[in-house]
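Here is the structure we will look at, set down as structure tokens.
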Amino acid sequence: MSVIELFDTTNWHNPLNADDQQRAVKAIENGKVLYFPNLSFYLDEAETFLLDPQILMKGAKNISYDYRQPQLKGAVCQADAAHSLQELMHRFFNFSQQLVDHVLPYYHSNTCFARTSFRPAEIEGRVTSYKKDDTRLHVDAFPATPNQGTRILRVFSNVSPVGKPRIWRVGEPFEAVAKRFLPQIKKPFPGARWALHKLGLTKSYRTLYDHYMLQIHDKMKADLTYQKTANQEKIEFAAESTWMVMTDHVSHAAMSGQHLLEQTIHLPISGMKYPELSPFRIVERLTSPQ
Ligand SMILES: O=C(O)CCC(=O)C(=O)O
Ligand SMILES: [Fe+2]
């Protein structure tokens, strides 16, 4: 059974029909990737110069944009290029907002739109520390920004101008990942997470759930045997396609490709249709005494 749930829609201006909306919410909460091979986010002709990876600040893997305090991070360019890029990213934010509303209207009043990112660099061959290496299978969990169980929903569009697909590997279901790695994880040191927060090293308190998720993320990436032998599927996201996935739940690795736009959306567990499927509830169930 594939992890891909296909939708043939070509536009984001109209809601999916009711059956497809049900299919979408069920699939995404069960850890599937909603794939829209015929749904493209287009750049204007005059924007194509922004695709040059030189626009990235040295060492940065993406440029991020926050629509709430419009500014770019990670870009090195002239003011007019920055202005164009900001407009482009804002348009992608609007595109994602409409798409989420039309594909997953169940979430409407609970979504919180966060950063938009632009990733103009080729992934293959990039050198990073193993913890930052997204070519290794992982579930998303971030050291400085604990999310305390809130879901991470992401919209991606491959905007390659030369027809290059983005290649991912998608691994086994979250429950299998958690069952494999949780037994290797120690409880945190008393007071350590409180200190991280007080010192400003985490943006909010790292809950026990965040501790487990970060450890699962790190242990997955560190285990090279697991990377090779875990059940996995290779997926090619074509140029000019769009997909949506809950990256805190779906084990994923980005192997190659260039030119991607991404929007992160947070969703509280209480806004889910099937909250018992959330990684939070799964971790809670697997770590509570029998
Ligand atoms: O850049 C990509 O294709 C995906 C990278 C990744 O791991 C993520 O966005 O969570
Ligand atoms: Fe990721």
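Remember, predicted model here, so these are calculated numbers, not experimental data. When a ligand or atom number is given, it counts from 1 through the structure's own listing order. What you see below is based on every heavy atom in this structure, not just the backbone, and it leaves out hydrogens, waters and symmetry mates.
Counting heavy atoms of neighbouring residues, nucleotides and ligands inside a 6.0 Å radius, atom CG of N17 exceeds 12 of them.
Here is the list of ligand 1 atoms found below 4.0 Å of a heavy atom in L260: 1 (O), 2 (C), 3 (O). Every atom of ligand 1 is numbered from 1 in the order shown, and the set under 4.0 Å from a heavy atom of H138 is 7 (O). Against a heavy-atom cut-off of under 4.0 Å, H252 is close to the following atoms of ligand 1: 6 (C), 7 (O), 8 (C), 10 (O). Which parts of ligand 1 touch A254 is read off a 4.0 Å heavy-atom cut-off, strictly below it: atoms 2 (C), 3 (O), 4 (C). Residue R154 has at least one heavy-atom neighbour below 4.0 Å for each of these atoms of ligand 1: 8 (C), 9 (O), 10 (O). Against a heavy-atom cut-off of under 4.0 Å, F156 is close to the following atoms of ligand 1: 9 (O).
Residues T207 and R193 come closest through the heavy atom pair C-NH1, 3.2 Å. The shortest non-hydrogen separation linking V139 to M213 is CG2-CE, 4.2 Å.
Atom 3 (O) of ligand 1 has as its closest protein heavy atom R166 NE, 2.6 Å.
Ring geometry for W243 against F156 counts as parallel: the plane angle stays under 30°, on a 0 to 90° scale with 60° as the upper cut. Under the 30°/60° scheme for interplanar angles, the aromatic rings of F36 and F7 are found to lie parallel.
Only side-chain heavy atoms of R119 come within less than 4.0 Å of ligand 1; its backbone N, CA, C and O stay farther off.
The shortest N/O to N/O separation between D140 and ligand 1 falls below 3.5 Å.
The nearest N, O or S atom of D140 is closer to the Fe ion (ligand 2) than 2.8 Å.
A salt bridge links E5 and R23; the closest N-O separation between the charged side-chain nitrogens and carboxylate oxygens is under 4.0 Å.
The distance from atom CG of D223 to atom CD of Q184, rounded to the nearest 0.5 Å, is 7.0 Å.
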